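Heads up, the thing below is written out as structure tokens.
The sequence lines fix the lettering, A, B, ..., with proteins before strands; numbering per chain opens at 1. Fair warning: this is a prediction, and the values are worked out from it, not measured in the lab.
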4 protein chains.
Amino acid sequence: MSQPPRPISSAISQSTAERIEIHGLDLTTDLIGVVGLGDMAFLELKGRLPKPGESVVINALLVALVEHGLTPSALAARLTLLGAPEALQAAVAAGLLGLGEVFVGSIEGAAHMLQDGLESGDRDIPGIARRIVEEHRVRRALLPGLGHPVHREADPRTQRLFAVAQVNGVAGRHVDLMRAIGVEAEAALGRALPVNVTGAIGAVASDLQIPWRICRGLGVMARAVGLAGHLLEEMEHPIAGELWRRVERESADSQADQLKEDLA
Amino acid sequence: MSQPPRPISSAISQSTAERIEIHGLDLTTDLIGVVGLGDMAFLELKGRLPKPGESVVINALLVALVEHGLTPSALAARLTLLGAPEALQAAVAAGLLGLGEVFVGSIEGAAHMLQDGLESGDRDIPGIARRIVEEHRVRRALLPGLGHPVHREADPRTQRLFAVAQVNGVAGRHVDLMRAIGVEAEAALGRALPVNVTGAIGAVASDLQIPWRICRGLGVMARAVGLAGHLLEEMEHPIAGELWRRVERESADSQADQLKEDLA
Amino acid sequence: MSQPPRPISSAISQSTAERIEIHGLDLTTDLIGVVGLGDMAFLELKGRLPKPGESVVINALLVALVEHGLTPSALAARLTLLGAPEALQAAVAAGLLGLGEVFVGSIEGAAHMLQDGLESGDRDIPGIARRIVEEHRVRRALLPGLGHPVHREADPRTQRLFAVAQVNGVAGRHVDLMRAIGVEAEAALGRALPVNVTGAIGAVASDLQIPWRICRGLGVMARAVGLAGHLLEEMEHPIAGELWRRVERESADSQADQLKEDLA
Amino acid sequence: MSQPPRPISSAISQSTAERIEIHGLDLTTDLIGVVGLGDMAFLELKGRLPKPGESVVINALLVALVEHGLTPSALAARLTLLGAPEALQAAVAAGLLGLGEVFVGSIEGAAHMLQDGLESGDRDIPGIARRIVEEHRVRRALLPGLGHPVHREADPRTQRLFAVAQVNGVAGRHVDLMRAIGVEAEAALGRALPVNVTGAIGAVASDLQIPWRICRGLGVMARAVGLAGHLLEEMEHPIAGELWRRVERESADSQADQLKEDLA
């Protein structure tokens with residue numbers, strides 16, 4: 001009476017000796033040399049190629065996330081390469097592992113908030129925004145996608161992403177809601193709280209109808225590109241060894257100081 | 001008398017409250033909405049944006065690597081998500097960790113062979129090819145970038161990548177050498193041994209003057225995109241749990257059979 | 001007016017050319033050949049070596065978690081080795097990445113619940129248990145550490161771990177509370193809901209005063225040991241390649257069937 | 001006419017609702033509360049529990065590898081936690097990913113060299129040692145397991161590990177060969193080149209007949225324990241954020257200086 005096993009299959013790709021298909025498109029003739037890497041990201045997440053405007057927008061989202069200097073993620077990748085130069089893939093992976101709740105996770109948080117907020121079909125954007133801000137205030141929860149430690153007044157990337165989405169016919173109700181939440185939050189908290197880059201990406205991705213559960217993936221894709229750049233620089237102008245030596249010396253000195261204090 | 005510490009810095013990016021620069025370009029005005037993700041990969045690896053032909057070619061290389069169905073890498077990512085749905089980045093990372101010597105590593109191997117072969121400035125391509133094939137024969141080492149278990153006669157992706165590189169003015173001496181090595185190897189071994197997709201990518205990447213040490217990174221960047229697609233499908237049509245159940249049942253049955261045999 | 005940077009140091013270990021110290025103990029004379037790996041885990045988490053009874057208990061917790069057959073985690077590790085045999089560390093890491101909320105995370109969940117429950121100093125264990133069960137019922141949240149898909153009536157490992165903790169003088173109020181929660185939950189839900197192995201581990205670890213935030217680490221340490229065993233078996237009797245081939249074939253067949261149906 | 005698929009199974013563990021067996025031993029009655037975590041490592045790698053002397057030795061090897069302060073691996077783990085505090089397993093995994101060729105890999109290198117050296121059954125240890133040193137000299141390859149940047153004269157851990165192996169009846173021909181290689185290398189190079197801790201571990205592990213291919217796993221198991229300790233300290237006394245801020249500031253200052261020089 002045991003049930004038949006469910007089939008194990010993927011609808012993404014199929015291949016024979018002659019032909020590799022991805023979502024029904026021939027890799028060799030329809031994709032290689034025809035579309036860009038950002039379009040492939042769209043194809044993987046939506047099951048179809050982007051229209052021209054959508055292509056500009058998905059690429060803009062990804063481009064915004066590629067690089068942000070010597071982040072903890074880039075440092076972890078470089079330190080990993082120091083010990084395992086044979087496995088570049090492992091160094092990239094180590095860098096990606098830090099793209100969690102604190103950094104890239106806020107894209108997911110913003111998209112989740114926006115997609116839930118509009119799920120009911122309610123069209124009163126300011127009302128929805130007020131309710132969301134109030135709910136977060138009651139739960140003492142941070143509103144995802146708002147505020148930035150450096151870009152306190154306005155994040156230039158946000159303006160740019162919203163403009164690109166607007167011009168290309170993608171900006172819609174999720175972008176509207178994100179902006180409205182920013183306005184309500186500033187009113188409620190009495191201080192500037194601009195939509196930051198992860199909020200903008202979460203909003204625009206939602207208007208591309210990318211499910212919030214995969215939005216963290218946008219950051220992961222993009223940072224994989226940036227991390228490869230950091231690892232190449234690390235091979236040519238290494239800093240991880242120097243970083244390690246300094247930390248070891250400082251820790252040893254600090255322990256010695258502590259010991260002197262303890263003995264004094 | 002201790003030396004001053006060497007500076008810890010990166011030339012890739014710098015940012016202030018107003019401006020984020022990547023290799024001297026303004027992220028907001030020069031990159032977002034202007035270039036695609038594949039161009040960012042070029043910028044990270046070369047320190048400058050690609051010319052139009054180079055842009056087509058780098059994107060072609062990356063697009064060729066994004067997706068190849070239910071690979072071991074995609075399965076590892078899906079199985080990881082089953083246990084840690086809170087950390088999408090970890091599931092992508094798990095998938096990337098298998099992009100080592102056996103799969104994506106052969107891009108690095110091919111690029112290494114080609115870049116070393118042409119380093120001396122010797123311009124006798126057939127002679128260099130003969131020497132490389134002979135050296136590998138003596139060491140009983142596999143020639144990277146040749147042959148394929150499925151595409152035995154010719155890999156359609158190779159033809160396409162070489163054509164795209166040709167048309168866009170990128171194909172040069174590394175592509176010539178890769179082809180020559182294929183010809184020599186077929187002569188020496190007496191069987192069809194076409195340049196496979198990783199050989200083609202290694203050759204074209206070398207003609208873009210991407211250092212061989214970072215060539216594995218092309219596969220890592222591209223597969224990060226593909227793995228996000230697999231993880232989205234896994235969320236919507238999961239297979240990892242079924243795969244696990246079947247393996248457990250088969251292993252239990254196999255152990256029971258073994259026990260019966262042992263007792264018989 | 002900028003603040004001086006905070007020191008970067010670790011109190012865990014210091015070393016000179018003559019001596020490596022870990023929490024004040026000499027690695028060479030006090031630890032190597034003197035204590036076991038489980039005691040080192042205790043030392044890392046508590047800053048001191050365990051007393052004899054504590055040593056038995058911490059080892060029991062870790063031993064219980066080392067191995068559980070062909071889990072998704074073991075499969076991910078084996079599939080990773082297939083592509084990257086040069087990087088054993090990456091295959092183990094891939095296996096560990098799946099030890100998240102669903103599997104090992106419930107140790108953390110149970111420990112969190114128990115440590116929060118007893119924080120106030122309230123000594124009415126049955127009352128605390130009732131309140132916790134009720135709170136979870138209202139939030140429709142799963143109680144961590146209870147129930148098991150296979151061991152429906154009682155988990156033999158739980159009985160054993162509680163007995164080992166009892167005999168060695170470690171079992172205390174967290175174990176009492178875990179048991180009481182089990183009793184209350186069975187009464188409230190009207191079905192057997194035994195404390196499972198992760199509940200037992202969370203409770204005993206809490207009675208060892210290991211902070212809940214690091215309890216997931218017990219599973220990670222232990223599974224690193226078990227994954228090495230799986231990877232050795234994979235080298236000698238590989239299964240990952242066969243698993244991959246079967247999945248690919250089944251997916252191809254399933255797509256062909258689908259195509260026939262679509263055409264019919 | 002297709003072949004029947006090969007069975008997918010593991011001989012390590014089997015479990016029913018009543019019983020979990022690991023290499024034929026009952027987890028609940030034979031292992032939990034009876035053996036330590038180091039013995040489980042032996043069981044996983046050898047398929048049987050260690051004899052008392054073997055238990056001391058395998059634990060000594062593992063204990064020697066648990067902790068070495070603020071290594072690149074520990075830093076990578078801490079930096080990963082900063083971004084992804086929800087996924088402790090990912091932070092440990094990030095730390096393990098750097099245990100490659102440069103650090104822990106030399107255990108594998110030493111064990112490989114020793115196991116290959118003795119494979120033929122030749123019993124002339126000094127002769128084998130001379131041949132190995134000569135072969136490495138010709139290939140200009142580093143001899144694994146010899147020399148240390150800090151412990152230049154003698155590594156105290158090596159003496160201790162060899163003594164523990166000797167006293168417990170485990171030290172045999174692999175330890176003899178490692179020592180002989182050290183002697184030959186010092187003679188050939190004319191400078192002190194003591195067997196370092198990874199050489200000692202590779203030699204003793206080889207005398208325990210642990211296959212060299214899995215020897216890197218000893219380091220991975222042990223460091224998983226140490227990394228959990230570092231992550232707990234990071235939660236309580238964080239340093240990763242300060243490390244990041246300093247690196248960013250130094251990189252920014254360095255770029256500003258460079259700009260001034262360029263303009264001067």
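- Among the candidates B:L97, B:N168, B:L161, B:V220, the residue making the largest number of heavy-atom pairs closer than 4.5 Å to chain A is B:L97.
- The CG atom of B:L232 sits 10.0 Å away from the NZ atom of A:K46 when rounded to the nearest 0.5 Å.
- Using a 4.5 Å cut-off between heavy atoms, B:A163 makes no contact with chain A at all.
- In terms of heavy-atom pairs under 4.5 angstrom with chain B, the leader among A:S55, A:A64, A:A222, A:G38 is A:A64.
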Test side-chain contact (heavy atoms from CB on, under 4.5 Å) on A:N59 and B:V35; report intermediate values, then the result. CA-CA 7 Å; A:N59 276 288; B:V35 305; over 6 Å; no

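- For the atom pair B:T29 OG1 and A:R157 CZ, the distance stands at 13.0 Å (nearest 0.5 Å).
- In this structure, CD on B:E101 lies 9.0 Å from CD on A:Q89, to the nearest 0.5 angstrom.
- The contact between B:R216 and chain A is made by backbone and side chain atoms together, counting heavy-atom distances below 4.5 Å.
- In terms of non-hydrogen atom pairs under 4.5 Å with chain A, the most contact-rich of B:R245, B:E67, B:E21, B:R223 is B:E67.
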Between A:I12 and B:H230, does the side-chain contact (heavy atoms from CB on, under 4.5 Å) criterion hold? Intermediate values first, please. CA-CA 8 Å; A:I12 299 173; B:H230 278 270; 3.8 Å; yes

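- Screening B:H237, B:E233, B:E234 for a side-chain hydrogen bond (donor to acceptor under 3.5 Å, both in side chains) with A:S10, the sole residue that qualifies is B:E233.
- A distance-only check finds a donor-acceptor pair linking the side chain of B:R160 to the backbone of A:T28 [under 3.5 Å].
- Annotation: maximal heavy-atom pairing with chain A below 4.5 Å, among B:R213, B:Q14, B:Q159, occurs at B:R213.
- To the nearest 0.5 Å, atoms CD (A:E44) and CG (B:L231) are separated by 10.0 Å.
- At a 4.5 Å heavy-atom cutoff, the contact between B:L70 and chain A is made by side-chain atoms alone.
- The minimum heavy-atom distance between B:P238 and A:R6, with the atom names listed, is O-NH2, 3.5 Å.
- In this structure, the portion of B:E236 lying under 4.5 Å from any heavy atom of chain A is its side chain and not its backbone.
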Would you please test B:H68 and A:I20 for side-chain contact (heavy atoms from CB on, under 4.5 Å) and show each step? CA-CA 8 Å; B:H68 208 24; A:I20 296 163; 3.5 Å; yes

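- Heavy atoms closer than 4.5 Å to chain B are found nowhere in A:V104, neither backbone nor side chain.
- Here B:A11 is the residue among B:G217, B:A11, B:G219 with the most heavy-atom pairs under 4.5 Å with chain A.
- The CD atom of B:E86 lies 10.5 Å from the CD atom of A:E108; values are rounded to the nearest 0.5 Å.
- With a 4.5 Å cut-off on non-hydrogen atoms, B:P7 touches chain A through its backbone but not through its side chain.
- Between chain B and the options A:L96, A:I8, A:L99, A:L62, heavy-atom pairs under 4.5 Å are most frequent for A:I8.
- For A:I214 against B:M235, the heavy-atom pair with the smallest separation is CD1-CE, 4.1 Å.
- Shown here for B:V164 and A:G33, the closest heavy-atom pair between the two residues is CG2-CA, 4.0 Å.
- Considering all non-hydrogen atoms of both residues, A:I239 and B:S9 come closest at CG2-O, 3.8 Å.
- Of the atoms belonging to A:V225, heavy atoms from both backbone and side chain fall under 4.5 Å from chain B.
- Neither the backbone nor the side chain of A:A165 comes within less than 4.5 Å of any heavy atom in chain B.
- Using a 4.5 Å cut-off between heavy atoms, B:V57 makes no contact with chain A at all.
- Atom CG of A:L37 sits about 12.0 Å away from atom CE of B:M40, to the nearest 0.5 Å.
- Contact count against chain B (heavy-atom pairs under 4.5 Å) is highest for A:L45 among A:L218, A:L45, A:V56.
- Residues B:V63 and A:L27 are in side-chain contact: their nearest non-hydrogen atoms beyond the backbone lie under 4.5 Å apart.
- Proximity to chain A (any heavy atom under 4.5 Å) is shown, for B:L31, by both the backbone and the side chain.
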